[in-house]
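One structure is given here, and the rest of the page talks about it.
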There are 2 protein chains.
Amino acid sequence: MAGLREQKKQKNIAAIMEAAIFLFGERGYENTTIAALAEAAGIGKGTIYSYFKSKNEILLAFCEEELACMHQELRQTVPQAGSLEEKLLLIFMCEFRYITKNKSFGRTLMREITFPRLLTIEKSKEIEEQFIQIFVSVFQEAQDKGELRRDIELTMTCGHFYGLYLMALSAWYSGRLHGEEDVHASLQIMFNQALTGLRPKDKEDGEST
Amino acid sequence: MAGLREQKKQKNIAAIMEAAIFLFGERGYENTTIAALAEAAGIGKGTIYSYFKSKNEILLAFCEEELACMHQELRQTVPQAGSLEEKLLLIFMCEFRYITKNKSFGRTLMREITFPRLLTIEKSKEIEEQFIQIFVSVFQEAQDKGELRRDIELTMTCGHFYGLYLMALSAWYSGRLHGEEDVHASLQIMFNQALTGLRPKDKEDGEST
DNA sequence: GGTCGAAATTGACTTTGGTCAAGTTTATCT
DNA sequence: AGATAAACTTGACCAAAGTCAATTTCGACC
């Protein structure tokens with residue numbers, strides 16, 4: 001039983017996503033109207049809203065696909081690198097490059113993921129989950145190798161590094177960091193701080209400058 | 001020379017801000033239209049746009065005032081508290097309470113501050129500056145007392161803690177943390193991690209569970 | 001005080017995201 | 001097959017942010 005209704009549904013969703021990939025890529029998210037999306041997908045404007053709750057949700061769905069792709073690649077690239085610090089930097093810089101490939105696009109995405117509205121909270125959670133899931137194995141491995149304390153929940157460790165990443169991204173969007181190198185350098189410093197701790201080691205109390 | 005033109009300008013801006021304070025407070029940011037704002041201020045809709053570049057910029061200006069007030073209070077409250085950790089927690093929880101007093105309001109503000117658009121980048125920088133300036137003295141003091149490493153730039157330390165705060169706030173908006181207590185607990189854990197470091201102390205290598 | 005140009009003000013207008021009542025299609029049951 | 005109900009589709013419609021050409025106000029100079 002194919003289910004004609006179900007078939008059409010899937011076809012519609014596919015058509016919308018296809019139109020989104022094309023139009024978002026062509027002219028960017030902001031410059032793509034729902035009307036254009038509907039026309040390109042060959043359906044009515046209202047129909048889109050029976051599949052997506054808002055325009056931002058279409059962006060989220062679009063990004064979910066793209067990110068899944070990128071993460072797939074990442075998973076195959078990362079393992080060879082050395083220390084935890086190096087791996088994290090590699091992963092985050094890859095995310096950064098992806099997110100900021102198109103500035104306004106990435107902004108909308110990050111806004112929605114970091115401070116989601118009720119409407120898009122589910123989708124944004126899914127994405128962030130995906131976003132974070134990729135670390136867990138890296139952290140697990142690091143913990144096994146003794147690079148990370150064992151008395152800390154992995155979620156907290158994730159949160160910690162992800163927070164630093166958010167900070168760097170925000171600094172870039174605010175123009176306090178310029179370009180990829182700056183972001184890379186900042187992340188490196190902050191990651192190092194996070195690993196070694198901000199508090200001075202017990203025995204050395206003096207000035208280091 | 002009074003400058004009638006300049007007088008009117010100031011009067012208009014004041015009227016807009018007054019209307020904003022009243023209407024945002026009354027019915028929230030989202031439910032206040034530019035038209036309503038204009039009417040309440042007794043000026044035309046278009047005039048507003050000669051003083052503010054967008055609706056969000058009005059919010060930012062509004063928050064700048066409010067935050068300045070809160071920071072003033074904070075500055076008088078904080079100093080008595082004990083350790084750096086306690087002070088930071090106090091400050092951030094105060095910010096948190098303010099930001100989340102009205103959920104959608106705080107969301108819009110944080111979105112604009114964390115991932116600003118070109119249009120509002122200046123205003124958002126000013127606010128974040130204000131936001132961060134309040135720590136510097138706390139950090140300076142802590143550094144003097146030997147609670148913080150001296151070989152780290154203060155900006156980096158600020159960034160570090162602020163990143164963790166962003167993370168907690170984001171987790172609250174995403175529904176991964178519920179209520180004030182949860183946020184407080186998470187911050188406490190992450191701040192402690194940041195201070196002591198995520199990497200195990202050299203000599204103790206074993207399981208702690 | 002009269003005149004002219006620059007700056008400020010205005011509200012009708014445009015654009016666009018989102019809604020909804022009316023119409024159309026599909027599945028189910030006899 | 002035909003009837004009926006449920007699900008889906010649609011585009012006219014609405015609300016609200018932001019634009020702009022026409023108009024008014026102000027200040028400077030004769």
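Below, chains carry the letters A, B, ... as their sequence lines are ordered, and counting in each starts from 1. The structure displayed is predicted, hence computed values, not measured ones. FYI, side chains are in, hydrogens and waters are out, and symmetry mates aren't considered; it's all heavy atoms of this structure.
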For the side chain of [X], starting at C-beta, report the closest nucleotide among [options].
X       : options                : value
B:Ile43 : D:dT9, C:dT10, D:dC26  : C:dT10
B:Tyr51 : C:dA7, D:dT10, C:dT9   : C:dT9
B:Lys55 : C:dT25, D:dC26, D:dG18 : D:dG18
A:Arg5  : D:dG18, C:dG18, C:dT25 : C:dT25
A:Lys45 : D:dA17, C:dG17, D:dT25 : C:dG17
B:Ser50 : C:dT9, C:dG17, D:dA16  : C:dT9

Hey, does A:Thr47 reach any base, or is it just sugar-phosphate, or nothing, if we go heavy atoms under 4.0 Å?
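Base, at least one base atom sits under 4.0 Å.
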Return the 5'-most residue of the pair A:Gly44, B:Lys8 with respect to DNA chain D, ranking by each residue's nearest nucleotide.
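By nearest-heavy-atom nucleotide position, the 5'-most residue is A:Gly44.
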Please check if the distance between the ring centroids of [X] and [Y] is under 6.0 Å.
X        : Y        : result
B:Phe161 : B:Phe92  : no
A:Phe131 : A:Tyr162 : yes
A:Phe62  : A:Phe105 : yes

Applying the salt bridge (Lys or Arg N to Asp or Glu O under 4.0 Å) test to A:Arg117, which of A:Glu122, A:Glu57, A:Glu112 qualifies?
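Between A:Arg117 and the candidates, salt bridge (Lys or Arg N to Asp or Glu O under 4.0 Å) is satisfied uniquely by A:Glu112.
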Measure [atom1]/[X] against [atom2]/[N] and give the value in whole Å, please.
X        : N      : atom1 : atom2 : result
B:Ile16  : C:dA8  : CD1   : P     : 13 Å
B:Glu6   : C:dA7  : CD    : C1'   : 12 Å
B:Glu30  : D:dA15 : CD    : P     : 18 Å
A:Arg117 : C:dG17 : CZ    : P     : 12 Å
B:Asn31  : D:dA15 : CG    : P     : 14 Å
A:Tyr29  : C:dG17 : OH    : C1'   : 10 Å
B:Tyr49  : C:dT10 : OH    : P     : 15 Å
A:Lys11  : C:dT26 : NZ    : P     : 10 Å

First of B:Ile48 and A:Ala35 reached from the 5' end of DNA chain C, by closest nucleotide
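Nearest nucleotide further toward 5': that of B:Ile48.
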Between A:Arg176 and A:Ser170, does the side chain to side chain contact (heavy atoms under 4.5 Å, CB included) criterion hold? Intermediate values first, please.
CA-CA 9 Å; A:Arg176 275 175 288 124; A:Ser170 164; 4.1 Å; yes
Is the shortest side-chain N/O distance from B:Asn12 to OP1 or OP2 of C:dA8 below 4.0 Å?
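For B:Asn12, the contact criterion (side-chain N or O under 4.0 Å from OP1 or OP2 of C:dA8) is not met.
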